[in-house]
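Per chain, numbering begins at 1; letters A, B, ... match sequence-line order.
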Amino acid sequence: MTELNELLLQRRSKLTQIREKGINPYPYRFEATHRSSEITGNFDTLSESKEAVRIAGRLMSIRGHGKTSFAHMQDAAGRIQIYLRKDTLGEEPFALYKLLDMGDLIGVEGTVFRTRTGEITVEVRDFEVLCKSLRPLPIEKERVEDGEKVTFDEVSGKELRYRQRYVDLILHPEVRRTFERRTKIVSAIRRFLDERNFMEVETPILQPLYGGASARPFVTHHNALDIDLYLRISDELYLKRLIVGGYERVYEFCKDFRNEGMDRSHNPEFTLLELYQAYADYGDMMRITEEMVSIVAEEVVGSQTVDYQGTEIDFTPPWKRVTMLGAIEKYAGVTLEGVSEEAMRKTCAGLEIEVDGTMGSGKMIDEIFKKYVEPHLIQPTFVMDYPVETAPLAKRHRKDSALTERFEAFVNGSEIANAFSELNDPIDQRERFEAQTQLRAMGDEEAQALDEDFLRALEYGMPPTGGLGIGIDRLVMLLTDAPSIRDVLFFPQMRPE
RNA sequence: GGGCCCGUAGCUCAGCCGGUAGAGCAGCGGCCUUUUAAGCCGUUGGUCGAAGGUUCGAUUCCUUCCGGGCUCACCA
């Protein structure tokens, strides 16, 4: 497996030859004067002044012509062609150049000109090896046909692209742009919240109890304390403790870990933005959600309307608001308000939804919703007022105590946000936890654990609070037109090779 | 976990109804001082994902396993 094939041996042999010339193939630094885009952008001045430019980058193509050669270098800003001549370079440097391969990192110095075919090019008068590459880069070629860029032999295998993201990034500028956009989205959100006096905080990733969501956790062990700890599935209970402590607006970009299946929209570790605002309710959270997402889209994409996999999605506020039961009535054609659990079982049977004995009415409503409503929620939609048993941390609805003031925002049939008027009645909270404990005793591994310290905090008094979670990965998918969560994570989880 | 599809050279792929493998690019050698999928001539390179089975003979057929993709289920 570690045996070197011919190509790797050839590169190592070239490495030796470079060393034999007394040249260090892994030197320490290089001072560039320009990035590739700055050369193409300032062509007129640079070509007139004949001023020397220095650029560093990776060799991405080489076309030798005997005593001359053309090549392309790639840096973070783009690509630029370089031109080398034996007569201007000299015998020895030209011989060194012959030992270079695609993928090598070099630094060049030269002057800027335009070739016969019109391409802006650096005529190299001196160059240095900055790093010899010992592994052949997959070769992709492209040509412009009728103004369209046609790529040949494109590395299309997802596996190589996910496992060796570095290769994917070297080869595909559009992949680099996706991740640059991800960073811009996060920055824009941070700016949005900071401007509104939210404070960014950090809370524990290793938690003695996992809470704030319904999911199975990853378990780890702390040796010194000799206790099991959980990688957080949410930071909700910690951020609320901070609200109790007197901070009125906090947020965290929270890396969460859930020990569940993986698919196009699920990775075991993912990023959730959670924010909490004192003296606010879920209505305020709806407004902040639609405002934030539309502003971010405008800043990052340049429009509040984006194309996602062929579907036009319009984030312009206000978003549609429907109640959960209202949406079910509309799309499933059944009325569930005030319906007994028994009657609901019959309804489910009629709707071809499998029901087992452990499912309460909340769970059944959820199932009907998933099957009949979610697929219709393409344009941004707030679904409000979930049954109390599905939201143990949300405050009861001010008009109907069987419901909670909870909403989820759906876009393109998938959830991107979840928010409540937070439950701050410590007695009700304890009862809800106890109901969860019963579910757990019945075998529901995802039921939430009773957190005494959190209850203690609530007993000191938490102001009325609105809380919001936004799935950052899914938002990035929407704003980068990415079909899979793996396309917006640098290093998605894979089975070990 | 179920279904469908895929795994052949560094990369992209071909290989029919079984007879132990081909192309382009890359590499290597040669020619070439404005090319751009550079070109021309020559050439190296493969445990055909792994293990079993059927067969005189398996890249090809069958089984299992490994890895991947899509999809359904599960899952906030």
Side-chain angles (χ1 to χ4, degrees), chain A residues 1 3-11 13-14 60-72 79-89 94 98 101-103 113-121 123 133-145 149-164 167 171 212-216 233-234 236 256 258-268 270 272 354 366-367 369-371 374 386 390-391 406 408-410 414-419 445-446 448 469-471 473-474 483-484 486 492 494-497:
Chain A
M1 177 145 173
E3 250 174 72
L4 298 178
N5 71 24
E6 193 188 358
L7 295 172
L8 298 181
L9 288 171
Q10 279 165 354
R11 294 226 172 183
S13 151
K14 289 179 179 178
M60 294 303 289
S61 70
I62 301 172
R63 293 176 296 284
H65 292 75
K67 297 185 182 62
T68 68
S69 179
F70 285 93
H72 276 98
R79 281 191 189 195
I80 189 154
Q81 181 168 256
I82 57 175
Y83 176 53
L84 301 93
R85 301 166 58 104
K86 193 175 187 177
D87 53 8
T88 47
L89 217 51
F94 200 74
K98 290 281 180 194
D101 290 299
M102 277 192 264
F113 76 109
R114 209 185 270 276
T115 62
R116 210 150 53 189
T117 53
E119 182 164 350
I120 292 169
T121 302
E123 178 163 1
S133 161
L134 295 182
R135 196 170 275 275
L137 209 52
I139 308 299
E140 288 184 0
K141 301 226 173 182
E142 56 194 36
R143 180 166 69 180
V144 178
E145 272 173 18
K149 200 166 82 174
V150 186
T151 305
F152 297 84
D153 298 337
E154 182 171 18
V155 175
S156 52
K158 291 277 175 65
E159 186 173 5
L160 185 139
R161 298 179 68 160
Y162 294 147
R163 285 194 196 277
Q164 302 185 36
V167 172
L171 258 22
S214 307
R216 288 195 286 182
I233 59 173
S234 164
E236 171 154 357
D256 289 333
R258 298 187 184 174
N259 206 341
E260 289 164 353
M262 296 158 57
D263 62 28
R264 208 162 70 244
S265 57
H266 298 261
N267 193 67
F270 63 102
L272 209 55
E354 280 182 50
D366 207 38
E367 293 296 320
F369 179 80
K370 274 183 187 165
K371 182 164 175 184
E374 275 189 25
Y386 285 57
T390 64
R406 173 193 186 185
E408 291 185 313
F410 287 85
S414 108
E415 177 209 339
I416 65 157
N418 180 27
E445 284 185 78
E446 295 183 348
Q448 300 193 25
I470 293 187
D473 309 285
R474 291 185 185 173
S484 165
R486 293 183 155 190
M494 302 283 283
R495 275 203 171 77
E497 285 179 86

Integer angstrom distance from the C1' of B/A58 to that of B/G19: 10 Å
P spacing across the pair B/A14 / B/G29, given as an integer number of angstrom: 31 Å
Sugar-phosphate, base or nothing in reach of A/A213, heavy atoms under 4.0 Å: nothing
Quiz item: A/T117 side-chain donor-acceptor pair to B/U34 base, under 3.5 Å: no
Qualifying residues under side chain to side chain donor-acceptor pair (under 3.5 Å), relative to A/Q81, sequence neighbours excluded: A/R63, A/T121
Distance-only donor-acceptor test (3.5 Å): side chain A/R63, base B/A38: no
Nucleotide B/C74, atom P - distance to NE2 of A/H266 in whole Å: 11 Å
Spacing of the P atoms in B/C31 and B/G18 (rounded, Å): 49 Å
Donor-acceptor pair under 3.5 Å, A/E119 side chain vs B/U36 base: yes
Worked verdict on A/R161 versus A/R486 for side chain to side chain contact (heavy atoms under 4.5 Å, CB included): CA-CA 10 Å; A/R161 298 179 68 160; A/R486 293 183 155 190; over 6 Å; no
A/T117: partners by side chain to side chain donor-acceptor pair (under 3.5 Å), with sequence neighbours left out: A/T115
Pairing partner of B/G39 (Watson-Crick or G-U wobble, both distances under 3.5 Å): B/C31
Nucleotide of B/U35, B/C28, B/C25 approaching A/K14 most closely (side-chain heavy atoms): B/C28
Distance test, side-chain N/O of A/K141 to OP1/OP2 of B/A38, below 4.0 Å: yes
Touch class at under 4.0 angstrom, heavy-atom based, for A/G469 against every strand present: nothing
Proximal nucleotide (of B/G10, B/C32, B/C25) relative to the A/K67 side chain: B/C32
Nucleotides 68-71 of chain B: which of its N/O atoms have a protein N/O under 3.5 Å away?
residue, atom, partner, partner atom, Å
B/G68, OP1, A/R163, NH2, 3.3
B/G68, OP1, A/R495, N, 3.1
B/G68, OP2, A/R495, NH1, 3.2
B/G68, O4', A/E159, OE1, 3.3
B/G69, OP1, A/R486, NH1, 2.1
B/U71, OP1, A/R264, NH1, 2.6
B/U71, OP2, A/R264, NH1, 2.4

Distance in angstrom units between A/L171 CG and B/C25 C1', rounded: 13 Å
Touch class at under 4.0 angstrom, heavy-atom based, for A/R135 against every strand present: nothing
Where the chi angle of B/C62 falls, syn if within 90° of 0 and anti if not: anti
For A/D473, side chain to side chain donor-acceptor pair (under 3.5 Å) partners two or more places apart: A/R182
Rounded distance in Å - CE (A/M60) to P (B/G10): 19 Å
Atom-pair distance (NZ on A/K98; C1' on B/G30), nearest Å: 11 Å
Which residue lies more 5' along RNA chain B, comparing A/H72 with A/K86 via nearest heavy atoms: A/K86
With sequence neighbours excluded, residues passing side chain to side chain donor-acceptor pair (under 3.5 Å) with A/E159: A/R163
Side chain to side chain contact (heavy atoms under 4.5 Å, CB included) evaluation trace for A/L137 with A/M102: CA-CA 7 Å; A/L137 209 52; A/M102 277 192 264; 5.6 Å; no
Whole-Å C1' distance, B/G15 and B/A9: 14 Å
Distance, C1' atom - from B/G2 to B/A73, rounded to whole angstrom: 8 Å
Which pairs, protein N/O on one side and nucleotides 41-44 of chain B N/O on the other, fall under 3.5 Å?
residue, atom, partner, partner atom, Å
B/U44, O2', A/E6, OE2, 3.4
B/U44, O2, A/E6, OE1, 3.1

A/T115, nearest nucleotide to its side chain (from B/C32, B/A37, B/U36): B/U36
Nucleotide paired to B/A73 in any strand shown, Watson-Crick or G-U, under 3.5 Å: none
Side chain to side chain contact (heavy atoms under 4.5 Å, CB included) between A/R258 and A/F270, intermediate numbers included: CA-CA 8 Å; A/R258 298 187 184 174; A/F270 63 102; 3.5 Å; yes
Which nucleotide in B/A37, B/C74, B/G10 has an atom nearest any side-chain atom of A/I139: B/G10
B/C13 - base-pair partner by Watson-Crick or wobble geometry, distances under 3.5 Å: B/G22
Residues A/E119, A/I80; criterion side chain to side chain contact (heavy atoms under 4.5 Å, CB included); working and verdict: CA-CA 9 Å; A/E119 182 164 350; A/I80 189 154; over 6 Å; no
Sugar-phosphate only, base, or nothing, as touched by A/E415 at under 4.0 Å among non-hydrogen atoms: base
Residues that A/Y386 engages under ring-ring contact (aromatic ring centres under 6.0 Å, His included), provided they are two or more places apart: none
Check: A/K141 and A/D153 side chains under 4.5 Å, non-hydrogen atoms: no
Selection from B/G10, B/C13, B/U36 that lies nearest to any side-chain heavy atom of A/L7: B/G10
A/D87 CG - B/U34 C1' separation (whole Å): 13 Å
Separation of the C1' atoms in B/C65 and B/C56, to the nearest angstrom: 28 Å
Distance, rounded to the nearest Å, where A/L160 contributes CG and B/A9 contributes C1': 15 Å
Atom-to-atom span, CD of A/E154 to C1' of B/A37 - whole angstrom: 14 Å
C1'-based separation of B/U63 from B/C28 [nearest Å]: 43 Å
Touch class at under 4.0 angstrom, heavy-atom based, for A/M102 against every strand present: sugar-phosphate
Sugar-phosphate only, base, or nothing, as touched by A/F94 at under 4.0 Å among non-hydrogen atoms: nothing
Position toward the 5' end of RNA chain B (nearest nucleotide), A/R474 or A/V155: A/V155
Set of ring-ring contact (aromatic ring centres under 6.0 Å, His included) partners for A/Y83, sequence neighbours left out: A/F70, A/F113
Base paired to B/U63 (Watson-Crick or G-U; both N/O distances under 3.5 angstrom): B/A51
Separation of the C1' atoms in B/U59 and B/U8, to the nearest angstrom: 7 Å
Residue list, salt bridge (charged side-chain N to carboxylate O under 4.0 Å, His left out) with A/E142, at least two apart or on another chain: A/K149
A/R135, CZ: over 12 other non-hydrogen atoms inside 6.0 angstrom: no
